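Written below as structure tokens is the structure these notes are about.
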Amino acid sequence: MISHVTPQHAARSGEVILDVTGLKVSFDSPDGTVHAVNGVSFSLRAGESLGVVGESGSGKSVTMMALVALLPSPPASVDAGTAILTDGETELDLLSASRSQIRKVRGSKVGFVFQDPLSALNPTMRVGDQITESVRKHRGVSGEAAEQIAIELLGAVGIADPERRYRSFPHEFSGGMRQRVMIAIAMAGDPPIVIFDEPTTALDVTVQAQIVELVKTRLQQERGTAIVWITHDLAVVAGIADRVAVMYGGTIVESGPIDEIYENPQHPYTRGLLAAIPSADSDGTTRLASIEGSPPDLLVAPDFCPFQPRCSYAFDRCVDERPLLRGVAADHLVACHYDLDKGEPVQ
Ligand code: SF4
């Protein structure tokens, strides 16, 4: 029997399917221009999991929402950049695509799972019907066949007794179950990329771990879906990501394989984030490190290092010149004028 929950993605594992270069996004505000995203570049390979980490206002969600035109415009405007989405045969620049092209991309090429499933789901519609609607839209099947696929998807995301729960309304589900429904809706469209925007922030740690496991096994491993996992929590990323991009002040300040970033962080901000993670063998009496100071003022034009006011390594050049990403190891990039290993400015 052909499983309706197992997809066929055109791109081969490891091929770049999304290549973002020089993305800039700003917002008009009564106080002036908010420089939210300031030249972000990254790529995503088929079947991999990329964690995007940063504090509130770092630009991580704005970056991802800009890719599928989910930002209200105005006040948002995409000022520069390209974002090439490819399946190995055709290419589309998401940032210059028409509205109708973007509508087709959403759900079928790029899925989105938000932090708050209650506001993403229609409260007046049964959850099964919401999944069926997505199946009909993206798979071209209707009637009982679409409903059957929706029931299979509910079962695949771990909802017990899916035939009965198909007829439930969102308010009858717990937060974790609603997030499972959102994942089923994303699976219905069978996109090669799913972006998760802080999907487990509102959930307790046990349910959080279950959702991470579900995404890893059902989406990434079984279906070969590429995952982008946005979070403020570097510890959560360790459980899901193959690679991580650390964002600060609207820019990527460090990126690389997750083990490399954990073992050899090269940006002062990343080191600060790692020092703030509680250790598993902590006895609970050790005081965790925190990063002193406030996030950067995004109303100021971004022509210096955004971390400079909070950085204990800062020197003259950090105020005069914005650091660009430079390679420090295989697939490991950092944007900093200071070489932490050598203990001296980069020449
Ligand atoms: Fe600190 Fe300068 Fe590096 Fe910025 S560029 S993180 S201010 S040392």
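Basis for what follows: all heavy atoms, side chains included, without hydrogens, waters or symmetry-related copies. Counting convention: from 1, in listed order, for ligands and their atoms alike. Every value quoted in this text rests on a predicted model; they were computed, and no experiment measured them.
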May I ask you to check whether Asp31 and Ser29 show a side-chain donor-acceptor distance below 3.5 Å?
no
With a cut-off of 4.0 Å, which atoms of ligand 1 are near a heavy atom of His267?
6 (S)
To the nearest 0.5 Å, atom CG of Leu298 lies from atom CZ of Phe27 at 10.0 Å
One residue to check: Cys336. Relative to ligand 1, which of side chain, backbone, both or neither has a non-hydrogen atom less than 4.0 Å away?
both
Could you walk me through whether Lys109 and Glu91 pass the salt bridge (Lys or Arg N to Asp or Glu O under 4.0 Å) check?
CA-CA 12 Å; Lys109 299 290 184 194; Glu91 288 189 354; over 6 Å; no
Given Gln266 and Asp341, is the side chain to side chain donor-acceptor pair (under 3.5 Å) satisfied, shown in steps?
CA-CA 8 Å; Gln266 289 297 312; Asp341 281 348; 3.1 Å; yes
Provide the closest heavy-atom pair for Ala335 versus Leu325 in the form atom of the first, atom of the second, distance.
N-CD2, 3.7 Å
Enumerated ligand 1 atoms positioned under 4.0 Å from heavy atoms of Gln308
7 (S)
Which of the numbered atoms in ligand 1 are below 4.0 angstrom from a heavy atom of Tyr338?
8 (S)
In Å and rounded to the nearest 0.5 Å, what is the OG to CD distance from Ser96 to Gln101?
8.0 Å
Nearest non-hydrogen protein atom to atom 4 (Fe) of ligand 1, with distance, is Cys305 SG, 2.3 Å
Taking both backbone and side-chain atoms into account, decide whether His337 has an N/O/S atom under 2.8 Å from atom 2 (Fe) of ligand 1.
no
Consider only side-chain N and O atoms of His332 and Glu260, and report whether a donor and an acceptor are under 3.5 Å apart.
yes
Can you name the atoms of ligand 1, numbered from 1 with element, that are less than 4.0 Å from a heavy atom of Cys318?
2 (Fe), 5 (S), 7 (S), 8 (S)
For ligand 1, which atoms, with element, lie under 4.0 Å from some heavy atom of Pro268?
6 (S)
Which of the atoms in ligand 1, numbered in the order shown and given with their element, are less than 4.0 Å from a heavy-atom of Cys311?
1 (Fe), 6 (S), 7 (S), 8 (S)
